Asks: 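Submitted below is the structure of interest, expressed as structure tokens.
Letters A, B, ... are given to chains in the order of the sequence lines, protein chains preceding strands, and every chain is numbered from 1. In this text the structure is predicted, and so the values were computed from the model without any measurement.
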Protein chains: 2
Amino acid sequence: MNLKQHNTFSPRQTARAIGVSEASIKRWCDNGKLSYEKTVGGHRRLSLPVILGFIQDQGIKLRQPEVLDLPAAVGPGARTLEQACDLYEQALEQGDQARSLQIAFDMRLAGHSMAVIADKVVAPAFHALGERWQHGDVEVYQERHGVEITRRVLLRLKDTLVPPEPDAPSAIGATLSGDPYCLPGLMGELVLLELGWQAKFLGSQLPHTTLEKAVHDLNPSVLWLSVSSVGDPEAFVEANARLYALCLEHQCALVVGGSALTDQVRPRIKYASFGDSLQHLGAFAQGLSVYTRQNGHGFGQAQF
Amino acid sequence: MNLKQHNTFSPRQTARAIGVSEASIKRWCDNGKLSYEKTVGGHRRLSLPVILGFIQDQGIKLRQPEVLDLPAAVGPGARTLEQACDLYEQALEQGDQARSLQIAFDMRLAGHSMAVIADKVVAPAFHALGERWQHGDVEVYQERHGVEITRRVLLRLKDTLVPPEPDAPSAIGATLSGDPYCLPGLMGELVLLELGWQAKFLGSQLPHTTLEKAVHDLNPSVLWLSVSSVGDPEAFVEANARLYALCLEHQCALVVGGSALTDQVRPRIKYASFGDSLQHLGAFAQGLSVYTRQNGHGFGQAQF
DNA sequence: TGATATAACATACAAATCGTTCATTTTTTA
DNA sequence: TAAAAAATGAACGATTTGTATGTTATATCA
């Protein structure tokens, strides 16, 4: 934390807030358009009144006003994934979509994969939100709004991915009836898209019968099931067994994962791969596509 | 990596997209035909809503939509709203997101309001999809995937709207417990945004108690409830009564609408306004903001 | 305190935009 | 139809902007 420098900002922070490049800020400082002070080492420090006066004079918009509200919490974005998670949770709690988006983009710029962002930032942020709800610090509407916000953030992130090749392997994902949680499924789509797959998240609460139809019609290489909630365990196990058999028949790998697959349920279900996290899903998909590239199309699934 | 967060465009990009010379764009800016913002150094920046509004007013068409990150034509354009609805339904059935997006943008560029697109294209397309499902022509997974696709289309459409002013009246929307249909709520958000409101769709399946908290915390001028499905009618009537009372207290207009409000249910619920369609919601919001503008802030709701 | 990672410095460079002028095309007017 | 007016497109050097580089300052942590 940088607590010594209240109310002064680095060129980078200022640049982020205004929405221009760092170089421009420095130029304007040197031109005299922006007044500033120097540290003993020669670093520029800008005061809040100066920045606000500047944007008033020039008629510019503050693209990220929150950057100036929280000087301690910014820099090139959050340094660590944990910090990013905290900030993201905070942004969701405040219903601040712009800030949520910025945090997510910062992580992207820092080079983190979709899987890491999903596993280390988004998922734990919601976990923390749930904890705070149990303690009465957070209302349900805040959590739900957070889901809406995150959905939009994820779709924005999707636009940063290169579109898959037409001949890329395809995957479809869904949650089964009784499981209304759509975010893990959506994040799964992003993870697979990032790896070059043609991934489609079909939606949540799909009856297993229609998923069978989907496998039959779309003939994907992978079917991933996100399981965040299991309504009736017996029905789930039954649905899983039928899906597994169908996938075998269609040379499709069935991947399951999610927080609801506890030690009691997991032994009873069948799958080609099980993943605790989205990173697992990504790793499996990557291994699979390497395998098929080496051996041509059509692969068994006993190997996995 | 393309990580642009603010979609503003330079005169050159705008020129390429419209198919005119860069000089013309600059002239139109200086003539006041195109509103724009200036950077500190005097470079012009144009926003997407401004550009789209301009081409609507002038009756020109986008030669190269892809320059503005808009969907390029991939099939026949629709002439009428009915045609668009048919094509949209077809695209959903095929799980073709690009096509859905293009149809929606065609309508948008043709000058149709969000409310009209929602009422005349999206809603009837899903109605038709439901009909075809009953006849066994369409699977559940296709309808669900259509919901996912439409969610993304709506989000993209949102980018074509002018961002609300900070002092604009605010509205929050949601669906109550037992109602998982989120699309009408989302479309409501777009309709209100188009009219200049600060609108937030909080999500679906919200318990009425947390909505009461939300009204208390966020203090909106309007709470709109989308009702596409009513689980327990008694509970719904009870929740509605409590929300109505709370809204009265907070000078907040309660607007309800949705296909589940049949003649049997409607007489039993209380509201400031009832709407069969999103056009109704828009009309009510517009009337309300005119009224408040004339009479200052703080308005009763008996008038509505 | 000292080692290490991150951020800021100064500088240079490439790309895009600015304002302006002028030739060309299109539209309006006589 | 011909002339006048208006709109458009292209070109120019000057300016602004963003990115990349190697070096120095600051912050963090043991």
Asks: Whole-Å distance between C/dC9 P and A/Glu37 CD?
Replies: 14 Å
Asks: Hey, which of these two, A/Lys33 or B/Val20, hits DNA chain D nearer its 5' end, going by closest nucleotide?
Replies: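 Closest to the 5' end, via its nearest nucleotide, is B/Val20.
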Asks: Is the closest side-chain donor-acceptor distance between A/Thr150 and A/Tyr88 under 3.5 Å?
Replies: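 Result is yes, a qualifying pair exists.
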Asks: On DNA chain C, does the nearest nucleotide to B/Lys38 precede the nearest nucleotide to A/Ser10 from the 5' side, or the other way round? Give the residue.
Replies: A/Ser10
Asks: Would A/Glu89 and A/Arg132 satisfy salt bridge (charged side-chain N to carboxylate O under 4.0 Å, His left out), going step by step from the backbone distance to the final call?
Replies: CA-CA 10 Å; A/Glu89 192 237 321; A/Arg132 283 175 60 78; 3.5 Å; yes
Asks: For D/dA7 and B/Arg27 - does any side-chain N or O of the residue sit under 4.0 Å from the phosphate oxygens OP1/OP2?
Replies: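 Negative; the distance criterion is not met.
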Asks: Heavy atoms from C-beta onward define the side chain here; which of D/dT26, C/dT17, D/dG9 lies closest to that of A/Thr39?
Replies: D/dT26
Asks: I'd like to know if A/Lys61 and B/Glu37 make a salt bridge, using a cut-off of under 4.0 Å between side-chain N and carboxylate O.
Replies: yes
Asks: Reading DNA chain C from 5' onward, which residue's closest nucleotide shows up sooner: B/Gly41 or A/Lys26?
Replies: A/Lys26
Asks: Do the charged groups of A/Arg12 and A/Glu22 touch, with an N to O distance under 4.0 Å?
Replies: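 Yes, charged N to carboxylate O under 4.0 Å.
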Asks: Is it the case that the side chains of B/Gln102 and B/Arg99 hold a donor-acceptor pair, with the cut-off being a distance below 3.5 Å and no angle test?
Replies: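 Present: a donor and an acceptor within the cut-off.
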Asks: Measure the distance from CD1 on B/Ile18 to P on D/dA7 and round it to the nearest whole Å.
Replies: 17 Å
Asks: Atom CZ of A/Arg45 to atom C1' of C/dC9: distance rounded to whole Å?
Replies: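 Interatomic distance, CZ of A/Arg45 to C1' of C/dC9: 13 Å.
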Asks: By nearest atom, which of the nucleotides D/dG18, C/dC9, D/dA10 is closest to the A/His43 side chain?
Replies: C/dC9
Asks: Quick one: A/Ile60 CD1 to D/dT17 C1', roughly how many Å, whole number?
Replies: 13 Å
Asks: At under 4.0 Å, does any side-chain N or O of B/Arg44 touch on OP1 or OP2 of C/dC18?
Replies: yes
Asks: Please tell me if B/Ser24 has a side-chain N or O lying less than 4.0 Å from either OP1 or OP2 of D/dA7.
Replies: no
Asks: Taking for each residue the nucleotide of DNA chain D bearing the nearest heavy atom, is the 5' side occupied by A/Glu22 or by A/Val40?
Replies: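 Whichever sits nearer the 5' end wins; that is A/Glu22.
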Asks: Tell me what B/Arg12 touches on the nucleic acid: a base, only sugar-phosphate, or nothing, going by heavy atoms under 4.0 Å.
Replies: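 Since a base atom lies under 4.0 Å of B/Arg12, the category is base.
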Asks: Could you check how far CD of A/Gln58 sits from P of D/dT17, rounded to whole Å?
Replies: 10 Å
Asks: Round to a whole Å and report the spacing from CG of A/Asp30 to C1' of D/dT16.
Replies: 15 Å
Asks: Between D/dA6 atom P and B/Trp28 atom CH2, what is the distance in whole Å?
Replies: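 About 18 Å, once rounded to whole Å.
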Asks: What is the distance from CD of A/Gln13 to C1' of D/dA27, rounded to the nearest Å?
Replies: 13 Å
